[in-house]
Amino acid sequence: MTEAQAKRLTGIADAFAIEGVAERVDALGNGLINDTYVVETNAGKKYVLQRVNHNIFKDVDALQRNIVTVTEHLRKKLVERGVEDMDRRVVRMIPLKENAGKTWTKDAGDYWRMMSYVERSRTLEEVTPATAEAAGRAFGKFEADLSDLETPLAETIPDFHNMEWRLEQLREAVAADPLGRVKEVKDILDKIEARAEKMTAGERMVREGKLKKRVCHCDTKVNNMLFDADSDEVLCVIDLDTVMESTIFSDYGDFLRTGACTAAEDEPDTEKVAVDMEIFRAFTRGYLEGTRDFLTETERRMLPFAAALFPYMQAVRFLADYINGDTYFKTKYADHNLVRTRAQMKMLESVEALEKEMERELGVRI
Ligand code: GN1
Ligand code: MG
């Protein structure tokens with residue numbers, strides 16, 4: 001980062017009610033949507049500064065209100081449980097110096113927010129059976145803790161995990177084909193359309209009243225939680241932008257998509273992409289424990305469906321973005337979204353091949 005950029009960022013940081021004066025800024029994390037930095041002050045404190053992607057999150061005020069609602073509710077649960085190291089267990093949004101009721105600011109057209117930095121923590125891009133089980137328990141518990149939230153949450157991205165809508169978006173992209181990319185991806189489009197009916201079962205079940213929506217995290221990528229630096233314990237769940245109502249498929253399926261995959265979500269060599277059943281088993285064990293007080297039989301029975309749904313949905317999203325000219329996800333090279341799509345399709349095929357085994361593991365009788 002240039003000196004001018006660093007100066008701009010420390011200036012923005014100082015608008016927030018932080019301890020000391022912002023001195024140093026470094027880039028942080030691997031998110032595909034927002035830009036994240038760690039800020040250090042002359043009082044020796046660290047904070048996380050984030051530029052919110054306003055093209056995607058159109059109503060930043062509603063977004064921030066959601067996060068404050070969610071983190072306050074989680075904090076209440078932690079107090080009830082007698083947890084002591086509160087600042088490592090839930091992130092805290094930092095208000096503005098000038099307005100204690102506001103947690104975001106606008107600067108030259110960009111939207112910024114500041115949150116607490118969790119000391120002695122680490123993010124993972126890959127898990128072991130032990131960290132996968134801890135992750136399952138933590139995401140399950142996250143849903144359990146939010147199951148009695150009474151304040152309604154805003155839908156920060158309308159229809160975010162609505163598979164029917166995602167398919168419509170893809171079909172619109174195909175019809176418009178602004179860069180003539182559709183001809184290269186016909187084989188993938190055929191595979192997607194062949195599965196469209198099956199993969200939209202969740203939306204039909206919600207409409208028919210057979211499946212409930214709950215407050216979910218909706219972005220349970222393996223790197224969206226913090227682990228303790230020195231153990232396999234999960235400290236807290238981060239990246240709360242998409243916490244909103246969804247089916248539990250979102251949290252179970254999206255974790256397995258990245259966590260139980262033998263390669264990265266953008267692995268160019270699809271031969272390397274497959275389900276790791278040991279991680280599947282460990283995560284599932286943890287998730288079933290975390291959700292045992294509320295998960296219904298229907299939800300449990302459909303967990304293998306969720307495992308297939310999320311690589312499928314992500315393939316549809318990456319492919320639509322590729323066809324549209326890469327306007328949504330950050331990309332590092334020209335056909336990055338296409339490479340990601342192919343990896344997701346391979347992950348989907350691997351889940352499909354293991355579906356019966358997953359059903360057996362879950363004790364599902366169909
Ligand atoms: C985005 O911001 P990040 O990288 O945690 C995306 C998720 C995708 C993911 C794919 C708001 O998450 O939905 O699954 O990339 N977030 C949004 O890597 O679209
Ligand atoms: Mg993230």
Side-chain angles (χ1 to χ4, degrees), residues 16-20 38-39 41 43-50 61-97 99-104 113-123 131 133-154 156 213-220 224-246 248 250-252 255 286-295:
F16 291 88
I18 54 176
E19 250 178 71
V38 55
V39 172
T41 74
K45 294 282 284 182
K46 282 187 186 167
Y47 296 90
V48 175
L49 178 68
Q50 231 174 13
D61 198 53
L63 172 75
Q64 289 300 100
R65 271 188 277 118
N66 268 14
I67 297 180
V68 170
T69 301
V70 166
T71 50
E72 277 176 3
H73 192 80
L74 294 175
R75 208 166 288 121
K76 209 170 66 196
K77 293 285 159 118
L78 291 166
V79 170
E80 279 167 20
R81 252 178 252 142
V83 170
E84 278 171 5
D85 52 348
M86 193 65 81
D87 274 352
R88 298 179 75 217
R89 297 302 175 147
V90 59
V91 292
R92 191 163 38 86
M93 282 292 159
I94 312 289
L96 294 178
K97 272 189 187 131
N99 182 351
K102 196 172 162 210
T103 61
W104 58 275
R113 67 181 169 204
M114 182 78 105
M115 59 208 121
S116 56
Y117 176 88
V118 177
E119 293 291 341
R120 286 167 289 121
S121 65
R122 59 188 171 128
T123 52
T131 47
E133 187 169 343
R137 211 178 297 117
F139 278 128
K141 193 86 187 103
F142 181 85
E143 290 176 350
D145 279 348
L146 292 171
S147 63
D148 60 347
L149 181 70
E150 278 170 6
T151 317
L153 295 177
T156 54
K213 285 198 175 184
R214 307 178 180 281
V215 176
C216 294
H217 181 275
C218 294
D219 192 6
T220 53
N224 280 336
M225 64 190 349
L226 298 179
F227 285 83
D228 181 51
D230 310 310
S231 75
D232 287 345
E233 198 191 347
V234 174
L235 293 174
C236 61
V237 168
I238 56 170
D239 210 341
L240 304 173
D241 295 328
T242 52
V243 178
M244 57 187 150
E245 289 207 338
S246 188
I248 54 102
S250 293
D251 292 354
Y252 180 78
F255 181 88
Y287 183 77
L288 290 177
E289 199 186 310
T291 56
R292 76 177 152 218
D293 290 341
F294 69 84
L295 203 71

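Everything numeric here is computed off the predicted structure, so don't read it as measured data.
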To the nearest 0.5 Å, what is the distance between CZ (Arg92) and OG1 (Thr71)? 10.0 Å
At what distance, to the nearest 0.5 angstrom, does CG of Leu149 lie from CD of Glu245? 9.0 Å
Is Asp251 salt-bridged to Arg214, cutoff N-O under 4.0 Å? no
Contact summary for Ala138 and Val234, nearest pair of heavy atoms: CB-CG1, 3.6 Å
Under-4.0 Å salt bridge between Glu143 and Lys77: no
With a cut-off of 6.0 Å (strictly less than), are more than 12 heavy atoms of other residues, nucleotides or ligands near CD of Glu84? no
Straight-line distance of Thr151 OG1 to Arg65 CZ, nearest 0.5 Å: 11.5 Å
Checking Asp85 side chain against Arg88 main chain: does a donor-acceptor pair fall under 3.5 Å? no
Between Lys76 and Asp148 (salt bridge meaning N to carboxylate O under 4.0 Å), is one present in this structure? no
Below 4.5 Å, heavy atoms only, C-beta onward: do Ile67 and Val243 meet side chain to side chain? no
Picking from Thr69, Asp241, Thr103, what satisfies side-chain hydrogen bond (donor to acceptor under 3.5 Å, both in side chains) with Gln64? Thr103
Between His73 and Leu146 the two heavy atoms that sit nearest each other are CD2-CD2, 3.8 Å
Separation between OH (Tyr47) and CZ (Phe16), nearest 0.5 Å, reads 12.0 Å
Please round to the nearest 0.5 Å and tell me the distance separating atom CZ of Phe139 and atom CE of Met225. 3.5 Å
Please give me the minimum heavy-atom distance between Cys216 and Phe142, naming the atom from each residue. C-CE2, 4.5 Å
If you look at every heavy atom in Phe294 and Gly140, which pair is closest and at what distance? CE2-O, 4.1 Å
Just wondering, are more than 12 heavy atoms of other shown residues or ligands nearer than 6.0 Å to CZ in Arg292? no
Could you grab the distance from atom CG of Leu226 to atom CZ of Arg89, nearest 0.5 Å is fine? 11.0 Å
Quick one: closest heavy-atom pair of Ala144 and Gly290, and the distance? CB-O, 3.7 Å
Which heavy-atom pair separates Ser246 from Cys218 by the least distance, and what is that distance? CB-SG, 3.6 Å
Side chain Asp219, main chain Thr242, donor-acceptor under 3.5 Å: no
Does His217 use its side chain to pair, donor to acceptor, with the backbone of Asp239 at less than 3.5 Å? yes
Evaluate the side chain to side chain contact (heavy atoms under 4.5 Å, CB included) criterion for residues Thr291 and Ile248: first the C-alpha distance (whole Å), next the side-chain angles of each, then the deciding distance (0.1 Å), finally the verdict. CA-CA 10 Å; Thr291 56; Ile248 54 102; over 6 Å; no
Side chains of Met115 and Leu240 in contact at under 4.5 Å (non-hydrogen atoms): no
In terms of the angle between their ring planes, are Tyr287 and Tyr252 parallel, tilted or perpendicular, with boundaries placed at 30° and 60°? tilted
